[in-house]
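Have a look at the structure below before the remarks.
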Amino acid sequence: MSFITTHSGLSVHMASPTPHMIDPSDIGRSLSRICRFGGHTRQHYSVAQHCVLASQFVPAEHQLTALMHDATEAYVGDMVSPLKAMIPAFKDVEERFWAAIAARFGLPGSMDPCIKNIDLILLATERRDLLCEGEAWDCLAGVVPLPVHIQPWSMDHAYQQWMARFEELSLRRQADMAARRMAS
């Protein structure tokens, strides 16, 4: 079998995902159930909550991309970064999924540096608030965590918040596009 069946019933082919195979409710549902850090957190902390937070700390024009920045994980899972770096073929699969997701939602093929920046700030914040102490992470040298502390959401609440944020940002994007068409 070379495909997965999503919660909405779509068949998503792993070798050749297309935009019509991508559904926002499948992304939100899956991300709300995937725990960051391979589950090594003090309590369940979802990728969906991480993405909602990321979307709140970037400029408006990058918020939808920030919400979707880990959407590939809804289809390929969340592999911890040290292992991902050891498996280059996994990056190729993620890139194919990102291309389908980006095409589906009209997002750029590559992410603005502000998204990588907030991802690192959130990583530092998540490490402080959700993980046990351990060795220093070189990637966080000089990165200052957010002043607010993260309180993990339940899976259902994370799904609802992700979907609400998606709807808000999608409606805003449609309104902006309509305004630009009227102005030209």
Side-chain angles (χ1 to χ4, degrees), residues 1-39 44-79 84 90-112 114-119 122-123 126 150-181:
M1 185 164 77
S2 63
F3 65 92
I4 62 170
T5 303
T6 65
H7 185 266
S8 70
L10 292 173
S11 294
V12 178
H13 295 267
M14 299 306 287
S16 55
T18 63
H20 79 273
M21 296 175 189
I22 306 300
D23 183 271
S25 67
D26 287 334
I27 295 170
R29 176 167 293 285
S30 180
L31 295 184
S32 70
R33 283 149 175 72
I34 298 173
C35 189
R36 295 264 295 157
F37 306 103
H44 180 85
Y45 172 67
S46 71
V47 175
Q49 183 175 356
H50 166 81
C51 290
V52 169
L53 291 173
S55 76
Q56 295 171 341
F57 291 99
V58 295
E61 65 269 21
H62 301 294
Q63 290 177 346
L64 184 56
T65 305
L67 182 69
M68 293 289 184
H69 82 278
D70 284 334
T72 59
E73 295 175 13
Y75 302 99
V76 300
D78 182 17
M79 185 182 295
K84 191 183 294 189
F90 188 79
K91 188 74 174 156
D92 295 338
V93 173
E94 276 190 318
E95 287 173 1
R96 281 196 298 275
F97 271 92
W98 179 255
I101 291 164
R104 169 70 170 84
F105 300 111
L107 303 174
S110 61
M111 293 186 209
D112 190 89
C114 73
I115 295 171
K116 180 62 175 171
N117 185 52
I118 192 58
D119 209 22
L122 282 170
L123 183 64
E126 293 159 351
I150 295 172
Q151 298 298 317
W153 299 334
S154 71
M155 286 184 261
D156 289 339
H157 186 69
Y159 171 68
Q160 292 164 356
Q161 292 299 307
W162 193 95
M163 289 303 300
R165 186 69 170 152
F166 173 78
E167 291 297 324
E168 171 194 351
L169 296 174
S170 295
L171 289 172
R172 184 186 313 158
R173 173 177 271 192
Q174 290 170 5
D176 289 349
M177 287 172 35
R180 280 194 294 265
R181 278 193 305 272

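Within the 4.5 Å cutoff, side-chain heavy atoms of F3 are placed close to those of T5. Residues I150 and L53 form a side-chain contact, since some pair of their non-hydrogen atoms from C-beta on lies under 4.5 Å apart. Side-chain atoms of Q161 and Q49, non-hydrogen and from C-beta on, never get closer than 4.5 Å to each other. Contact check for S2 versus M14: no side-chain heavy atoms found under the 4.5 Å cut-off. Considering only heavy atoms from C-beta on, P24 comes within 4.5 Å of F105 through its side chain. When side chains are defined from C-beta on, Y75 counts as touching I22, because their heavy atoms get closer than 4.5 Å. Between V47 and C51, some side-chain heavy-atom pair lies under the 4.5 Å cut-off. Counting heavy atoms from C-beta outward, S16 and R96 have side chains that stay 4.5 Å or more apart.
For the 3.5 Å distance criterion, the side chains of H50 and H69 qualify, holding a donor opposite an acceptor. D156 and S154 are not linked by any side-chain donor-acceptor pair at a separation below 3.5 angstrom, with hydrogens and angles left out of the test.
Judged purely by atom type and a 3.5 angstrom limit, S30 uses its side chain to pair as donor or acceptor with the backbone of A74. A donor-acceptor pair under 3.5 Å is absent between the side-chain atoms of R29 and the main chain of H7, judged by distance alone. With hydrogens and angles ignored, the 3.5 Å screen pairs a side-chain donor or acceptor of R173 with a backbone N or O of G106. Between the R104 side chain and the H20 main chain, no donor and acceptor come within less than 3.5 Å of each other.
Atom OG1 of T72 sits about 5.5 Å away from atom CD1 of I101, to the nearest 0.5 Å. To the nearest 0.5 Å, atom CD of residue Q63 and atom CG of residue L169 are 5.5 Å apart. Separation of atoms CD (Q160) and CH2 (W153) is listed at 10.5 Å; rounding is to 0.5 Å. Taking CE of M79 as the start and NZ of K91 as the end, the distance is 11.5 Å to the nearest 0.5 Å. Rounding to the nearest 0.5 Å places CE of M68 at 10.5 Å from OG of S55. Separating the CD1 atom in I27 from the CG atom in D70 is a distance of 11.0 Å, to the nearest 0.5 Å.
Across all their heavy atoms, R172 and A60 have their closest contact at NH1-CB, 3.9 Å. Of all heavy-atom pairs spanning H62 and I115, the tightest one is O-CD1, 4.0 Å. A158 and S46 get closest at one heavy-atom pair: CB-OG, 3.4 Å. P59 and C114 get closest at one heavy-atom pair: CD-SG, 3.9 Å. Nearest heavy-atom pair, A102 versus P108, reported as atom, atom and distance to 0.1 Å: CB-O, 3.7 Å.
At least one cation-pi condition fails for R36 and Y45: the charged atom is not both under 6.0 angstrom from the six-membered ring centre and inside a 45 degree cone around its axis.
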Exercise. Which is it for F37 and L123 under the side-chain contact (heavy atoms from CB on, under 4.5 Å) test, yes or no, and what are the steps along the way?
Worked result: CA-CA 10 Å; F37 306 103; L123 183 64; 3.5 Å; yes
For this session: With side-chain contact (heavy atoms from CB on, under 4.5 Å) as the test, would you mind laying out the steps for H44 and M155 before giving the verdict?
Result: CA-CA 8 Å; H44 180 85; M155 286 184 261; 3.6 Å; yes
For this session: In sequence, state the C-alpha distance, the side-chain angles, and the governing distance for L67 and V52, and then conclude on side-chain contact (heavy atoms from CB on, under 4.5 Å).
Result: CA-CA 6 Å; L67 182 69; V52 169; 3.9 Å; yes
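Test L10, V12, L31 against D26 for side chain to side chain contact (heavy atoms under 4.5 Å, CB included) and you get one pass: L10.
Aromatic ring pairs are classed by plane angle as parallel below 30°, tilted from 30° to 60° and perpendicular above 60°; the pair F166 and W162 is parallel.
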